[in-house]
Amino acid sequence: MAQLGLIGLGKMGFNMRERLRAAGHEVIGYDRNPDVTDSTSLEDMVSKLDGPRIVWIMVPAGEPTRQTVAELGNLLSEGDLVIDGGNSKYTDDKINGDLLAAKKIGYLDCGVSGGVWGKDNGYGLMVGGAASDVEKAMPIFDALRPEGPREEGFSHAGAVGSGHYAKMIHNGIEYGMMQAFAEGFELLEAAKVVENVPAVIKGWQRGTVVRSWLLDLLVRALDEDPELDDLEGYVEDSGEGRWTLEEAINNAVPAPVISAALFARFASRQEDSAAMRAVAALRNQFGGHSVKKVGG
């Protein structure tokens with residue numbers, strides 16, 4: 001049995017705590033929400049852990065994570081280990097790792113995929129950091145990852161920063177896959193050749209080359225709302241798609257699918273696109289094409 005301090009008990013952190021406990025590990029969580037926390041403060045949580053301690057952070061990326069790492073640096077001891085399992089940008093990891101290394105505290109960055117389903121299905125884990133620190137935390141990783149061969153749900157990607165880098169690229173790929181399914185759904189709906197669109201998409205779940213967990217989730221959504229009329233076509237992005245494109249530019253790697261998927265999300269937020277108004281005006285000017293007037 002391993003012992004773990006877990007900071008951040010939101011949708012992901014709460015379910016991770018439950019999965020770890022079900023595997024027989026002791027988890028002492030801390031969250032600002034008094035209804036879910038196991039301790040009253042970070043200091044209280046750390047005091048309840050036996051050394052050498054392992055503390056896993058699941059708080060929003062950016063300043064909240066950086067601040068949490070800095071606070072832990074003042075509370076933990078030499079030989080302890082901190083794992084950032086949030087969606088931090090990989091460039092933050094060296095900063096966090098160096099800060100803790102100065103105090104001889106280990107640091108791992110861990111990209112986590114699995115969403116709200118991870119509690120039952122397990123989480124895909126991509127870890128960056130020293131091999132000795134990875135080995136120290138392996139009982140935790142083994143409990144969180146899906147059942148089956150370790151290498152199919154867990155990877156030690158390399159040095160500090162590589163875990164979050166791998167997760168960033170993973171999410172960029174996810175953007176493209178989701179957009180492809182979405183465009184296929186819209187085309188099936190628009191063409192009116194297919195009479196039962198949900199049935200066709202459900203029929204792709206076995207034996208086809210596009211079968212996947214994302215497809216399963218689309219089928220589930222269509223079972224609940226066959227035409228998705230209950231939803232607005234407004235899609236946010238968590239930032240990782242943008243970071244992926246920055247890396248594509250920095251490394252001169254063409255990524256047209258991921259870029260198109262990200263820009264489609266931007267377009268979804270525009271009630272009235274100035275760019276499309278300009279296109280309509282230009283078509284009208286050079287070709288006399290008809291335009292729709294506001295209020296017309």
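Because the structure is predicted, anything quoted here is derived from the model rather than measured.
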Q | Euclidean distance, Glu174 CD relative to Trp213 CH2, rounded to 0.5 Å | A | 8.5 Å
Q) Can you find a pair of side-chain heavy atoms, one from Phe141 and one from Cys110, that are under 4.5 Å apart? A) yes
**Q.** Any donor-acceptor N/O pair, Thr37 side chain to Pro34 backbone, under 3.5 Å
**A.** no
Q) Cluster question for you: counting only ILVMFWY and a side-chain heavy-atom cut-off of under 4.5 Å, with indirect links fine, are Trp243 and Ile173 together? A) yes
**Q.** Side chain Asp38, main chain Ile28, donor-acceptor under 3.5 Å
**A.** no
**Q.** Whether over 12 other heavy atoms sit under 6.0 Å from Glu43 CD
**A.** no
**Q.** Shortest non-hydrogen separation from Leu9 to Arg17 and the atoms involved
**A.** CD1-NH1, 3.4 Å
(Q) Can you confirm whether Glu186 is buried at CD, in the sense that more than 12 heavy atoms of other residues, nucleotides or ligands lie under 6.0 Å from that atom? (A) no
Q) Is it true that a side-chain atom of Asp31 and a backbone atom of Asn33 form a donor plus acceptor pair closer than 3.5 Å? A) yes
Q. Phe266 and Met178: same hydrophobic cluster, using ILVMFWY side-chain contacts below 4.5 Å?
A. no
Q) Got more than 12 heavy atoms from elsewhere within 6.0 Å of NZ, Lys136? A) yes
Q) With distance as the sole test, does Asp80 use its side chain to make a donor-acceptor pair with the main-chain N or O of Arg53 at under 3.5 Å? A) yes
Q) Do Leu75 and Ile54 share a hydrophobic cluster (ILVMFWY, side-chain heavy atoms under 4.5 Å, transitive)? A) no
Q. Can you get from Val59 to Val69 by hopping between Ile, Leu, Val, Met, Phe, Trp and Tyr side chains that sit under 4.5 Å apart?
A. yes
Q. Is the count of non-hydrogen atoms from other residues, nucleotides or ligands lying under 6.0 Å from Glu224 atom CD greater than 12?
A. yes
Q) Which atom names give the shortest non-hydrogen contact between Ser162 and Gly128, and what distance separates them? A) OG-CA, 3.4 Å
**Q.** Ser238 side chain to Glu240 side chain, donor-acceptor N/O pair below 3.5 angstrom
**A.** yes
Q) Has Arg145 got its NZ or CZ under 6.0 Å from the middle of the six-membered ring of Tyr123, at an angle within 45 degrees of the ring axis? A) no
**Q.** Under 3.5 Å donor-acceptor, Ser268 side chain and Val235 backbone
**A.** yes
Q. Between atom CG of Asp133 and atom CG of Leu81, what is the distance when rounded to the nearest 0.5 Å?
A. 5.0 Å
**Q.** Thr65 OG1 to Met58 CE distance, which is reported to the nearest 0.5 Å
**A.** 9.5 Å
Q | Heavy-atom closest contact (Val134 atom, Val127 atom, distance) | A | CG2-CG1, 4.0 Å
(Q) Quick check against the 3.5 Å criterion: does Arg269 have a side-chain atom that pairs as donor or acceptor with the backbone of Tyr234? (A) no
Q) Taking side chain as C-beta onward, heavy atoms only, is Ile258 less than 4.5 Å from Phe263? A) no
Q. Nearest 0.5 Å, what's the CH2-OG distance between Trp204 and Ser212?
A. 11.0 Å
Q) How many angstroms lie between CG in Leu125 and CD1 in Ile140, if you round to the nearest 0.5 Å? A) 11.0 Å
(Q) What verdict does the salt bridge (Lys or Arg N to Asp or Glu O under 4.0 Å) test give for Asp98 and Lys94, after you've listed the backbone C-alpha separation in whole Å, the side-chain angles of each residue and the deciding distance to 0.1 Å? (A) CA-CA 6 Å; Asp98 288 349; Lys94 185 178 188 309; 2.7 Å; yes
Q) With a 4.0 Å cut-off, would you call Lys167 and Asp109 a salt bridge? A) no
Q. Can any side-chain N or O of Thr244 pair as donor or acceptor with the backbone N or O of Asn171 at less than 3.5 Å?
A. no
Q.
Using a 6.0 Å cut-off, check whether atom CD of Glu147 has over 12 heavy atoms from anything other than its own residue.
A. no
Q | Any donor-acceptor N/O pair, Arg19 side chain to Ala143 backbone, under 3.5 Å | A | yes
Q) Any side-chain heavy-atom pair from Ile201 and Leu188 closer than 4.5 angstrom? A) yes
(Q) Using only atom types and a distance under 3.5 Å, with no angle test, would you say the side chain of Arg211 pairs donor to acceptor with the backbone of Gln205? (A) no
**Q.** Heavy atoms of other groups near Lys89 NZ, more than 12 under 6.0 Å
**A.** yes
Q.
For a quick check under 3.5 Å, do Asp84 and Ser88 share a side-chain donor-acceptor pair by atom type?
A. yes
Q. Where the side chain of Ser155 meets the backbone of Met126, is there a donor-acceptor pair that is under 3.5 Å apart?
A. no
(Q) Ring-plane angle category for Tyr90 and Tyr165, please: parallel below 30°, perpendicular beyond 60°, tilted otherwise. (A) perpendicular
**Q.** Spacing of Met1 atom CE and Gln3 atom CD [to the nearest 0.5 Å]
**A.** 7.0 Å
Q | Test ring pair (Phe, Tyr, Trp, His ring centres under 6.0 Å) applied to Phe181 - qualifying residues, sequence neighbours left out | A | none
Q. Same hydrophobic cluster for Leu72 and Val27, using side-chain heavy-atom links shorter than 4.5 Å among ILVMFWY?
A. no
**Q.** Contact list for residues 19-48, test ring-ring contact (aromatic ring centres under 6.0 Å, His included), sequence neighbours left out
**A.** none
Q: Take atom CH2 of Trp117 as the centre, draw a 6.0 Å sphere, and report whether it contains more than 12 heavy atoms from other residues, nucleotides or ligands.
A: no
